[in-house]
Each structure stands twice: as structure tokens, then as C-alpha cells.
Amino acid sequence: MSEATRSLNFIEHIIEDDLAAGFPKGGLRFRFPPEPNGYLHIGHASSICLNFGLGLRYQAPVNLRFDDTNPTKEEQEYVDAIKADVEWLGFRWDRECYASDYFGRLYQWAVDLIRLGKAYVDSQPSEEIARQKGTPTEPGTNSPFRARSVDENLLLFQEMKTGKHPEGTHVLRAKIDMASPNMLMRDPVMYRILHKAHHRTNTDWCIYPMYDWTHGESDYIEQISHSLCTLEFKPHRELYDWFLDQVAEAGKVRPKQREFARRNLSHTVVSKRKLLQLVNQGVVHGWDDPRMPTISGLRRRGCPPEAIRTFADTIGIAKRDNVVDVSLLEFHMREHLNKTAPRVMAVLDPVKVVVLNYPEGESEWVEAENNPEDPGAGFRKVPFSRELYIEREDFREEANRKYFRLKLGGEVRLKNAYIITAEHVVKDARGEIVEVHCTYDPKSLSGSGTEESLKKVKGTLHWVSVAHAMEAEVRLYDRLFSDPVPDQHKDRDFLEFVNPDSLQTVKAFLEPGLSEAKSGEQFQFQRLGYFCVDPDTTPAKLVFNRTVPLRDTWAKVEQQAE
RNA sequence: UGGCCCAUGGUGUAAUGGUAACACUACUGAUUUUGGUUCAGUCAUUCUAGGUUCGAGUCCUAGUGGGCCAACCA
């Protein structure tokens, strides 16, 4: 879709309206404001794509700002992981900012508010303050400390800052309206005492500002024009604006908070608590397990960052509740990988084929196209010999005409090689097929141009030469949950919906050229799916992850037959 | 019981008050040395009821359904 014809989402409409009303285009500035208290997931990716996408669209800078106001939860490790994830997604931030860089400015403004009688120190326990807050349907009541004198407030606040008081003894509150229908306007807490070292400011501060007091002012300091957040922050907007009213000066950009609905992906969970549960209970092997919806999990799975970006683009942004089907993400993975991943042959569940009339002990190297979707990808050589592996499900002793694959007395094309005919099978004591004996037509070599090579054969199979094949561990991943909305069921725990077959590990046989594959490299295993080399790979052992299978219309035909 | 937000195919998103569009999924068919890709096609009385208007998915009212709000979290 071209930029010129693409329709606008509601955020872009707001920006266009602002521009039309005279806001200078050069004043546009956005930000992505993660709290460094955990790993980024697909939901964050959507927000990242929104903000950075706007930056690209309007040629405006986008800041990466860490909302680090709570030292009890935040760590440098997460800062580093978040930066790596944003970069991996392919975005460049203008400035790397930290809310903690503004602690001094925020403190000064707070002192100003106290002087103006718009903030006071409350010395009640949190339970008492909560009780006085009222409920959504009942107004709150004023704190007995609400009328404290400016001088006493100033002194107490100063003492809170320098660590004279233990945690929980005092807080600084904005003096707004305890009867407001908006609970957030009932004298919200601006600062609490925390005797904790901060990952950046260390022990400089004994008081830390709350989100509402920090976020809007940080936007203002950075001169963010449009501050986008999820819908649950809608009620915060009134407070955001109130705080801005206290500090904003004429002539400067006044940030605007706007809310959009978070994007929900089907067949997964995204809450930190639930993700942690999956890790701790061993349902998955870690935060970067390829089944996890974390950015690091998606990366390890082999999901291309381009796929996440085009995915985010197509799902758009709006204000209603939504559950985006994971199949749309899979579509974007395939779409990108189809154009970029070299094709290769691998057999995951082998049965041996013996080509009876092919000379014993001999082999030849046949030519194979690396990617029919990319003429520049070139060709490679693949070894062919008398004994081959094909997929067990590609052979049946008998089958109807809808089955295009190999059956007794039937012909099939071996991709890039010869046409073979199945003559008979060899079974073991249990009746399991161990070998399929075939004959081949020596004149039917692919690409040789002979009449035999041009023969139309319904089925084409991938294969691998037994003598040349290399073994690898292949991890076949499927959806982690069998239910589209595992955590949306009342009375059912989300863990009940864990798919027991989300990981299947098999020993596979690959064409020998794959021996040099490096961690992260991606391939299409022909007729099977897209796979990438897992970082668990060692010189002695190759490990692949299945990113996503190919679309499989045959599987559907079979399913319907049942 | 209060306040605020939302409602368009199975899913997600569009549509200056003027022919309901795009993508995915599903299903048909064509092409194909990947049952992949590609191509063509099929799938909606815009939650309900009133109102304003020549004309309403869009504006107004009410109802229905869903979501959010009572951390010294963000």
C-alpha cells in the first residue's frame, strides 16, 4: 500500500488536524516510554511500531524514554534488553532518555507547588489514605493533614528527600479535589519515600516520583507533541493535564495524551505475571523460548522483524477491544521468508528409499535452485545416490488419486533429480515399512531437457541422500495455547489451555550443504516450512527451530476426509 | 449505585453526511518440478429502537452488550 493512498488511523487524523490548525510540522515529536522492569513482548512491539512509525511518517524524532521511577522493580539488565529489542525491530531513537534524569527538575516543580498551596505532605499510613479516597460511587474525604502550613510542608518534604523519615511515614500529595468523580483527581500521591538504590541515581534520592507526576512532565521536558498510551490511562488524562497546567509556559509545546486500545494476540498471554509463571513452572525454557510472545522469543523463533512491522501496520490502531488472530502474524512471517529464505531439503521423519537400478556405491551432484522467488539467489549442488530418505508420510502402499505422493506402482518426481516408481516394500517383524524399493528413469533428470525430464508427474517429493545426509536436531514449535483467549475464561486457569504438543523434538536428516549454517540463519525446508538455526547449535550438533510451517492445503483435504 | 470509553463480515482495520473498502482466515477454480508461491472468484440487512436529513456506518436520544476507574505500580 503506498503512503499516498493509505488511509489514516485516528491518531494520524488528530495529528493532521493539529497540523491543519497551525501546529508546526517541525514541532512533532514522539516517544516510546517503557518501564525497565521486564522484557518487551509483542504488545510492546505494536506500540513501538506505532510511535516510531509516526516518526518515520512525519520525519519527526522519537525518543526512547525509560520510565524508571520505581527502583524496587527496575534494573539495568532490562534497559539493555529493551534497547536491543527496539534496535532489532529496526528502529532508531533520537535521544535515549530516563525519567530519572528529571528527578531534580521534578523536585523543584514540586517545591513550587507546595509554595502555591497546591501540594501537601500527608503523614497517614497508606491504608488510611486509601480509605479516605472513597469509591467510584462515593466521594472521598479530606486528609487531616491537608491544611498543613506551607512552611511545615516545605520542611517535611525536604526531610523526606534527605532520608530523615522511614518508608511509609509521609507522602507528598497534590491538593486537587477529594470529591472528584475521577478517583485519580482525589489528591493523588506525587512522591513516596523509598530507601532503595536506583539503577542510575544510586542512593541520591530517598523519595521517588509517581507515574502521573513524572510522565507528563517528562513529555513536557522533552517537548513531546503527542504522548500515546493505552486505553486504561484514559482517566489519567485529566491529571496529566492538571499537572501540565501547573508547569507549562507559553511558547513551549504542550504535550497531548491520546489513548489507543492495546493489541491482543490470539493463542497467547502477555501479562508479566503469567509469562513468569510459564517460565518458573517449566512450561517453557526461558524468556526467549521460541514459544514465548516476547520479542526475544519471537527473534529466537526466527520471526523476521520486518514481519512484525508489516503485521503491526496492517492491524492498525483503534479504540475498541480486539483479539488479532495469530494467523495474521504467521502470514507476515511467511510473506517475508518466502522472498528471502533459501530453499533446502530436509527429511524430518525418514523412510528409506532404495533405487534398485541406480549403481551401487555411486553418486552424483544434481543442481538445485536456491529460491524460485529470488532469481539472484543462484543454484547449488545436492548429492544423489542409490539410498535416499523421504518423509514417511510421502509414501503409501495404496491410496486414491487425490494422493499425489508415492504409492506402489506409482510415479513421483524427486525434486531436482529423477522420476521414480515404487516397486515393493520391505517391512520389519512388526509390519513397519523399513524400505521402499523403487526404480528410476535415468533419462528423467531435472533440467536435462530430455523428453523424459519434461514429463508431467503429479507429485514432487523432497529427499536426502542417506550417505551424505547430516543429522540435526529440529524443534517443531506449535502454538503454546490451544485456546484463542486462554486468560479470558472465568473459572478456568490459563494454564489449563497449554498445548501439550507445543514442542516436538525430532532427529532430522539434511542435505550436506547445511553443515556451515550459522546461528540465526533462516531456510525454507522445502514442502515443510521455515526454519532457523538455534543458538544452541554447536560445531558438533546443529539445532533448528521451526519458525512457521508452510501453508498445507493437503492437510486440510485429509482432515475433511476424516 | 457514579463517571468515562467502545460497538462495521469468522478476525483486524477503512469509509469530507452521498455506491460499505482493504488485509487475514475459510471455501472454489487456474497455474506450478514445493499440495508452497502466484492469479481469479465466493462470504455483511454497519448491536437494537427512535429522531434529524433529499440522503445516516457516520449526527442526536434511549436501550442493549463489552471495557476501564477505589497501588505509597506503570
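Numbered from 1 within each chain, the chains take letters A, B, ... in sequence-line order.
Taking a 4.0 Å limit (strictly below) on heavy-atom distances, residues 180-189 of chain A reaches RNA chain B at A:Met183, A:Val189. For the segment residues 263-272 of chain A, residues with any heavy atom less than 4.0 angstrom from an atom of RNA chain B are, sorted by number, A:Arg263.
Scored by the salt bridge (Lys or Arg N to Asp or Glu O under 4.0 Å) test, A:Asp487 finds A:Lys274 as partners (sequence neighbours excluded). Taking A:Tyr102 as the reference, nothing meets the ring-ring contact (aromatic ring centres under 6.0 Å, His included) condition, with sequence neighbours excluded. Qualifying ring-ring contact (aromatic ring centres under 6.0 Å, His included) partners for A:His332, counting only residues two or more places apart in sequence or in other chains: none. Applying the salt bridge (Lys or Arg N to Asp or Glu O under 4.0 Å) test to A:Glu222 and every residue at least two apart in sequence or in another chain returns A:Arg65.
Classified by interplanar angle (parallel below 30°, tilted 30° to 60°, perpendicular above 60°), the ring pair A:His165/A:His170 is perpendicular. Between A:His198 and A:Phe103, the ring planes lie perpendicular to each other; the angle is over 60°, past the 30° to 60° tilted range.
Side-chain atoms of A:Thr314 stay outside donor-acceptor range of the base of B:U13, with no qualifying N/O pair under 3.5 Å. Side-chain atoms of A:Arg527 stay outside donor-acceptor range of the base of B:U34, with no qualifying N/O pair under 3.5 Å. No hydrogens or angles were tested; on distance alone, nothing pairs the side chain of A:Glu138 with the base of B:U1 as donor and acceptor under 3.5 Å. The base of B:A23 lies outside donor-acceptor range of the side chain of A:His332, with no N or O pair under 3.5 Å. At a cut-off of 3.5 angstrom, counting only N and O atoms as typed in the model, there is a donor on one side and an acceptor on the other between the side-chain of A:Glu373 and the base of B:G36. Interface remark: the A:Arg334 side chain does not form any donor-acceptor pair with the B:G36 base, using a distance-only criterion of under 3.5 Å.
Rounded to whole Å, atom P of B:C39 lies 11 Å from atom CG of A:Asn338. Rounding to whole angstrom units, CD of residue A:Gln132 and P of B:A71 are separated by 13 Å. Per the geometry, CD1 belonging to A:Ile11 stands 10 Å off P belonging to B:A14, to the nearest Å. Following rounding to the nearest Å, A:Gln526 (CD) and B:U32 (C1') show an atom-to-atom distance of 13 Å.
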Which atoms of nucleotides 66-68 of chain B (N or O only) lie under 3.5 Å from a protein N or O atom, and what are those distances?
residue: B:G67; atom: O4'; partner: A:Asp321; partner atom: OD2; Å: 3.3

Can you give me the N/O atom pairs linking the protein to nucleotides 15-17 of chain B at distances under 3.5 Å, or say none if there are none?
residue: B:A15; atom: OP1; partner: A:His13; partner atom: NE2; Å: 3.0

Please tabulate the protein-to-nucleotide N/O contacts below 3.5 Å involving nucleotides 27-29 of chain B, giving atom names and distances.
residue: B:C27; atom: OP1; partner: A:Gln560; partner atom: NE2; Å: 3.3

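Applying the salt bridge (Lys or Arg N to Asp or Glu O under 4.0 Å) test to pairs two or more places apart or on separate chains, those with a residue in residues 551-561 of chain A are A:Arg396-A:Glu558. For residues 442-462 of chain A, every residue pair satisfying the salt bridge (Lys or Arg N to Asp or Glu O under 4.0 Å) rule, not counting sequence neighbours, is listed here: A:Glu411-A:Lys455.
Distances shorter than 4.0 Å separate some side-chain N or O of A:Lys319 from OP1 or OP2 on B:C6. At the phosphate of B:G2, neither OP1 nor OP2 sits under 4.0 Å from any side-chain N or O atom of A:Thr135.
Annotation: A:Tyr389 is in aromatic contact with A:Phe509 [ring centroid separation under 6.0 Å].
In the set B:A14, B:G35, B:U25, the nucleotide with an atom closest to the side chain of A:Arg405 is B:G35.
Stem regions annotated for RNA chain B: B:2-7 with B:64-69, B:10-13 with B:21-24, B:26-30 with B:38-42, B:47-51 with B:59-63, counting only runs of 3 or more consecutive pairs of Watson-Crick or G-U type with both contacts under 3.5 Å.
Among the heavy atoms of the strands, none lies under 4.0 Å from A:Thr72.
Between the side chains of A:Ser47 and A:Arg263, no donor-acceptor pair of N or O atoms lies under 3.5 Å. Checked by atom type, the side-chain pair A:Glu74/A:Asn37 shows no donor-acceptor distance below 3.5 Å.
A syn base is found at B:A71: its glycosidic angle is within 90° of 0.
For the pair A:Tyr211 and B:A74, the ring geometry does not qualify as stacking, because the centroid separation below 5.5 Å and plane angle under 30° are not jointly satisfied.
Place A:Leu328 and A:Pro372 on RNA chain B by their nearest nucleotides, and A:Leu328 ends up nearer the 5' end.
One P atom belongs to B:U25, the other to B:C39, and the distance between them is 13 Å to the nearest Å. B:C22 sits 7 Å from B:A14 when the C1' atoms are compared, rounded to a whole Å.
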